[in-house]
There are 2 protein chains.
Amino acid sequence: MDKDKIDKKDHILDVAERVFSEKGFDGASTRLISGEAGVNMAMLNYYFGSKDGLFLAVFQRKIASFQDILQNLGNDGSISAWSKMEQYIELYGDKVVANNCFQKLLYQEMGMNRGNDLSHKLRDMLLKNVTELDKILNEGIANGEFKKDIDVAMVIATLYGTKNYILNTPMMAEPLLGYDITDDKMIETRLKPQIKSFMKNLLKAYLFN
Amino acid sequence: MDKDKIDKKDHILDVAERVFSEKGFDGASTRLISGEAGVNMAMLNYYFGSKDGLFLAVFQRKIASFQDILQNLGNDGSISAWSKMEQYIELYGDKVVANNCFQKLLYQEMGMNRGNDLSHKLRDMLLKNVTELDKILNEGIANGEFKKDIDVAMVIATLYGTKNYILNTPMMAEPLLGYDITDDKMIETRLKPQIKSFMKNLLKAYLFN
DNA sequence: CAAAGTTAATCAAACGATTGATTAAAGTAA
DNA sequence: TTACTTTAATCAATCGTTTGATTAACTTTG
């Protein structure tokens, strides 16, 4: 029935997302992806047209769930900029750390600067969140809540950079943190709270007078 | 003469380092590298044995200059932990931002977790600097200079992560910072001072009571 | 009802192109 | 000469993709 078809395409996308994130676009052959997904090689082209189409589909599936991460923030003028920052850290911590496999792939593709339409789409998507953060921080400066000499751009770079460093280079992060960050259980019970807590404390110390 | 040979090998390594960092290991074909270097394809195998050999050589050339970045820090008990941190940020800012092309390649390879000997070598190399930082921070905690509840691992992740975010994803960092971070002149005059200054202010706010 | 037709899904096999690597011959300098 | 470089041609292997055949599930027709 129809549900089975959707599930199979989704299964292929799951596997492709993981393999792409592990091996990179060029390192992930269609044979390897189809093999790990347990489907015939031709099914990739049948479903997605090409390897590029598959790659694109991996992103398109996730883009929708990311672009509205901040829909309810920054619009409500009644709460303080800092509490918005806290909300952002919470949302972003939950959403982003949960999809660490996709995040790795995402920034891998952003780093490798192809002139693709995909690259521009991804940049615009991420830039939305970034500018939202920018707005919150500047609002906090304007109303005297934060120090007026804070480096907004660098704060944002720190927020995303710290997370990326941990998730994208577990080989470094693991001996640092002292537990297995590839284990989903550990991510949920230890990594997520640790990142959230640290980020709040770090920014609280930096942003306020 | 001998000098020409060395220069030619060095030239190939320069080009290979750049192409590898732009396209990734799998995306950078030997034909492309040799083409951009202006040498025959067979020269790569003649000089470096194989593509893997060339890749390894790119790293080995730089490893030596990185492993002793902190030789004069952490041993001198007379200066404060904070001034050691400041020295570290200075050294690391100069060294690391200058080799941003290599840094991109480095963390690209660290992220893609191959079981290579190379991966382990690179991890050990980077881990040396990390543990040195760890030592400084714990020393600061022990002597009451820093707060005792700081998250050492996360501080280190922040230090490296923020830099990596900016250098490895210029597509995101450029609209954030507002200037061209691929321009060496801009890196020297604006990015380097900005990173150093921000990192000192950020950590100063977080580490102290 | 059953036979014929239609559709999408799946497969093994093969395609041309490109990959990293090798060869043998030509070139260069001591 | 002798030893080291460089070149074009070529190798087997792998790449992404296409093909034609087969299966299975519905629809239509008689």
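Residue numbers start from 1 in every chain, and the chains themselves are labelled A, B, ... in the order their sequence lines are given, proteins ahead of strands. Reckoned from all heavy atoms, side chains included, excluding hydrogens, waters and symmetry mates. This one's a predicted model, so the numbers in the text were calculated from it and none came from an experiment.
Phosphate contact (OP1/OP2 of dA8(C), side-chain N/O of Y46(A), threshold under 4.0 Å): absent. For Y47(B), a side-chain nitrogen or oxygen approaches OP1 or OP2 of dT6(D) to under 4.0 Å. In this structure, K8(B) does not reach the dT5(D) phosphate: none of its side-chain N or O atoms is under 4.0 Å from OP1 or OP2.
Contacts between residues 112-119 of chain B and DNA chain C, defined by a heavy-atom separation below 4.0 Å, involve no residue at all. Within a heavy-atom distance below 4.0 Å of DNA chain C, no residue of residues 16-23 of chain A is found.
Formation of a donor-acceptor pair under 3.5 Å by the K104(A) side chain with backbone atoms of G111(B) is found in this model. Without hydrogens or angle criteria, T131(A) side chain to K128(A) main chain gives a donor-acceptor distance under 3.5 Å.
Side-chain contact, T158(B) with T162(A): a donor N or O sits under 3.5 Å from an acceptor N or O.
With a 6.0 Å cutoff to the six-membered ring centre and a 45° limit on the axis angle, K51(B) counts as a cation-pi contact of F25(B).
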Could you go through residues 119-126 of chain A and list every donor-acceptor pair under 3.5 Å that involves a side-chain atom there, pairing it with any protein atom two or more places apart or in another chain?
residue: S119(A); atom: OG; partner: R114(A); partner atom: O; Å: 3.1
residue: H120(A); atom: ND1; partner: N116(A); partner atom: O; Å: 2.6

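The shortest non-hydrogen separation linking M154(A) to L177(B) is SD-CD2, 4.4 Å.
In this structure, the salt bridge (Lys or Arg N to Asp or Glu O under 4.0 Å) partners of K200(B), at least two apart in sequence or on a different chain, are E90(B). For F48(B), there are no ring pair (Phe, Tyr, Trp, His ring centres under 6.0 Å) partners, not counting sequence neighbours.
Per the geometry, NZ belonging to K9(A) stands 13 Å off P belonging to dA8(C), to the nearest Å.
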Applying salt bridge (Lys or Arg N to Asp or Glu O under 4.0 Å) to E132(B) and K135(B), what does each step give before you reach the verdict? CA-CA 5 Å; E132(B) 202 62 32; K135(B) 208 163 67 180; 3.4 Å; yes
Its contact letters, B for base, S for sugar-phosphate only and - for none at protein heavy atoms under 4.0 Å, make nucleotides 18-24 of chain C read -BBBBB-
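Side-chain rings of F59(A) and F20(A) stay apart, their centers remaining 6.0 Å or farther from each other.
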